[in-house]
Amino acid sequence: MRFPLPHLAIAAALVLTSACNHKSQAAIQAEEAAKAAETKVALLEQQLAEAKSGKTVGGEADTVQHLTKSQVKALERQVADAKKRAEIKKQEALTLAQAPAPREDPKPIVVEVPTGTKLEISLARELSTEKDQAGDAWEGALAADIVQDGKLVWSAGSPARGVITQSAAAGRLSNGQGALGIRLTEIAGVGIDTDTHVVVATAKGERNAKYIGGGAALGALIGILSDKNHKNDHALGGAALGAAAGTALAAGTADTVIRIPNTKPVSFSLTTPERVTLKK
């Protein structure tokens, strides 16, 4: 059976269009990753807006004001970094969408790293209230492999990046205390959400290191610094708190500078699950 030339042209166009519209598995996965990155940006922007609104209540006014300003600076850094990562993901998705799908198109391996996964980070240098301010970035490296479902997700030595969330020398706040807080925000270029490692100190040399998890980190920290005896650590701001073993530093000295040394890895925990596409 013979078709008129116009029909053959239409058929050829349909085949070509179908081929062009066929997306590779890698392109589909890249689109999902780009959307996830944009979602993280939106969530961080929401947290930033809430911090700027000054809705947090309780605690001493001067202390709350200082901590809130620090939180805003830290979130501004996180939003800027998240936007950069989202733009990279967007460009990767566009590039893969425009590329022809390979004949053999195996589905990329995606692993979900669950909430609570421990991430041991070796800091590139010592962090201190003397040199580091809220909103500053810090760098380090993953100290141990992260394996999930028998698959290597991130290898030891992978670059890590985070943000200083609070920085006030001991005695700096109105209640005579101070705090140095850090949060891990990125592993191997992947944006992540973790708890906050905070060292609270007094001018007398007392040190009390904590992990504050969840979105209520600011409220929890305000609660800690408003409770001189730390009696309510278990239920502050609805956040999960835990003692940071081995990080009570310089106890009994009058050093007002609060430090987190790089001689021992600092442990963080994921506060939300993270989907990671494994590299082949």
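The figures that follow rest on heavy atoms only: side chains count, while hydrogens, waters and symmetry mates do not.
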Participant: Supply the atom-to-atom distance I258 CD1 to R207 CZ, rounded to the nearest 0.5 angstrom.
Facilitator: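 Those atoms lie 5.5 Å apart.
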Participant: Between D132 and R125, does any NZ, NE, NH1 or NH2 come within less than 4.0 Å of an OD or OE carboxylate oxygen?
Facilitator: yes
Participant: Give me the atom names and distance for the closest heavy-atom approach of S128 to S167.
Facilitator: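 Shortest heavy-atom separation between S128 and S167 comes out as O-OG, 4.4 Å.
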Participant: Salt bridge or not between E76 and K52? Use side-chain N to carboxylate O under 4.0 Å.
Facilitator: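 K52 and E76: salt-bridged.
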Participant: Checking T196 against R183: is there a side-chain donor and acceptor pair closer than 3.5 Å?
Facilitator: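 There is such a pair between these side chains.
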Participant: What distance do D195 atom CG and L270 atom CG have between them, rounded to the nearest 0.5 Å?
Facilitator: 9.0 Å
Participant: Report yes or no: does T194 contribute a side-chain atom to a donor-acceptor pair with the main-chain N or O of L184 at less than 3.5 Å?
Facilitator: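 The answer is yes, because a donor-acceptor pair under 3.5 Å joins these two groups.
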Participant: Indicate the atoms forming the closest heavy-atom contact of A170 with A203, along with that distance.
Facilitator: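 Residues A170 and A203, closest heavy atoms: CB-N, 3.7 Å.
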Participant: Would you name the heavy atoms of L173 and A168 that are closest together and state the gap between them?
Facilitator: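 The pair with the smallest heavy-atom distance is CD2-CB, 4.0 Å.
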Participant: Work out which heavy atom in V198 is nearest to a heavy atom in A179; give both atom names and the distance.
Facilitator: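 Looks like CG1-CB, 4.2 Å.
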Participant: Can you see whether T271 engages D193 through a side-chain donor-acceptor pair at a distance of less than 3.5 angstrom?
Facilitator: no
Participant: Could you verify whether a donor N or O on one side chain and an acceptor N or O on the other, from S269 and K118, lie under 3.5 Å apart?
Facilitator: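 The criterion, which ignores hydrogens and geometry beyond distance, is satisfied for K118 and S269.
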Participant: On a heavy-atom basis, which atom in W154 and which in A188 lie closest, and how many Å separate them?
Facilitator: CD1-CB, 3.9 Å
Participant: Are I187 and V41 connected in a single hydrophobic cluster, I mean Ile/Leu/Val/Met/Phe/Trp/Tyr linked by side-chain heavy atoms less than 4.5 Å apart?
Facilitator: no
Participant: From L127 CG over to I182 CD1, what is the distance, rounded to the nearest 0.5 angstrom?
Facilitator: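 The CG atom of L127 sits 5.5 Å away from the CD1 atom of I182.
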Participant: Going through the distances and angles, do T165 and L180 end up as a side chain to side chain contact (heavy atoms under 4.5 Å, CB included)?
Facilitator: CA-CA 8 Å; T165 59; L180 177 59; over 6 Å; no
Participant: Hey, what do you get for CG (N262) to CH2 (W138), rounding to the nearest 0.5 Å?
Facilitator: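 Here the interatomic distance stands at 12.0 Å.
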Participant: Apply side chain to side chain contact (heavy atoms under 4.5 Å, CB included) to residues R85 and D81 and explain how you reach the verdict.
Facilitator: CA-CA 6 Å; R85 289 192 295 266; D81 289 345; 3.8 Å; yes
Participant: Indicate yes or no for a side-chain donor-acceptor contact from Q71 to the backbone of A51 under 3.5 Å, with no hydrogens or angles considered.
Facilitator: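 Not confirmed, Q71 side chain does not pair with A51 backbone.
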Participant: In this structure, are over 12 heavy atoms from other groups packed under 6.0 Å from E126 atom CD?
Facilitator: yes
Participant: Please lay out, stage by stage, how K90 and E38 fare under the test salt bridge (charged side-chain N to carboxylate O under 4.0 Å, His left out).
Facilitator: CA-CA 9 Å; K90 178 181 177 181; E38 288 292 347; over 6 Å; no
Participant: Side chains of R259 and V257: closer than 4.5 Å at any heavy-atom pair?
Facilitator: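 Touching, per the 4.5 Å side-chain cut-off.
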Participant: Atom CD in E120, atom CG in L142: separation rounded to 0.5 Å?
Facilitator: 9.0 Å
Participant: Has T39 got a side-chain atom pairing as donor or acceptor with K35's backbone, closer than 3.5 angstrom?
Facilitator: yes
Participant: Is D136 paired with K131 through a side-chain N to carboxylate O contact shorter than 4.0 Å?
Facilitator: no
Participant: Test of understanding: clusters of I, L, V, M, F, W, Y form through side-chain heavy atoms closer than 4.5 Å, transitively. Do I109 and V113 belong to the same one?
Facilitator: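 Yes, same cluster.
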Participant: Do L278 and L96 belong together in a cluster built from hydrophobic side chains that touch within less than 4.5 Å?
Facilitator: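 Looking at the clustering, L96 is in a separate group from L278.
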Participant: Counting N and O atoms only, with roles assigned by atom type, does the side chain of T185 sit under 3.5 Å from a partner on the main chain of R161, one being a donor and the other an acceptor?
Facilitator: yes
Participant: Is a donor from one side chain sitting under 3.5 angstrom from an acceptor on the other, for E87 and Q91?
Facilitator: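 Yes - a donor-acceptor pair under 3.5 Å links their side chains.
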Participant: Starting at CD of Q148, measure out to CD of E274 and round the result to the nearest 0.5 Å.
Facilitator: 12.5 Å
Participant: So, for G157 and A141, which heavy atoms are closest and what is the spacing to 0.1 Å?
Facilitator: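 In this case the closest contact between G157 and A141 is O-CB, 4.0 Å.
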Participant: D145 and L152: side chain to side chain contact (heavy atoms under 4.5 Å, CB included), yes or no, with the steps?
Facilitator: CA-CA 7 Å; D145 292 344; L152 178 63; 3.8 Å; yes
Participant: Connecting only ILVMFWY residues whose side-chain heavy atoms lie within less than 4.5 Å of each other, what is the rest of V163's hydrophobic cluster?
Facilitator: none
Participant: What verdict does the side-chain hydrogen bond (donor to acceptor under 3.5 Å, both in side chains) test give for Q177 and R172, after you've listed the backbone C-alpha separation in whole Å, the side-chain angles of each residue and the deciding distance to 0.1 Å?
Facilitator: CA-CA 6 Å; Q177 298 186 73; R172 165 68 175 79; over 6 Å; no
Participant: Indicate, with yes or no, if I192 and L43 share a hydrophobic cluster defined by side-chain heavy-atom contacts under 4.5 Å among Ile, Leu, Val, Met, Phe, Trp and Tyr.
Facilitator: no
Participant: Decide if atom NZ of K40 counts as having more than 12 heavy atoms of other residues, nucleotides or ligands within a radius under 6.0 Å.
Facilitator: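 Yes, the 6.0 Å shell around NZ holds more than 12 heavy atoms from other groups.
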Participant: Measure up the F268 and H197 rings against each other and bin them: parallel (under 30°), tilted (30 to 60°), perpendicular (over 60°).
Facilitator: perpendicular
Participant: How does the hydrophobic cluster around L44 look, that is, which other residues are in it when side-chain heavy atoms under 4.5 Å mark a link?
Facilitator: L48, V72, L75, V79
Participant: Would you confirm whether T68, through its side chain, and Q65, through its main-chain N or O, come within 3.5 Å as a donor-acceptor pair?
Facilitator: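 Answer holds: no.
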Participant: Mind running side chain to side chain contact (heavy atoms under 4.5 Å, CB included) on K83 and E45 for me, showing each step along the way?
Facilitator: CA-CA 10 Å; K83 284 184 176 180; E45 288 180 330; 3.2 Å; yes
Participant: Below 4.5 Å, heavy atoms only, C-beta onward: do P114 and T117 meet side chain to side chain?
Facilitator: yes
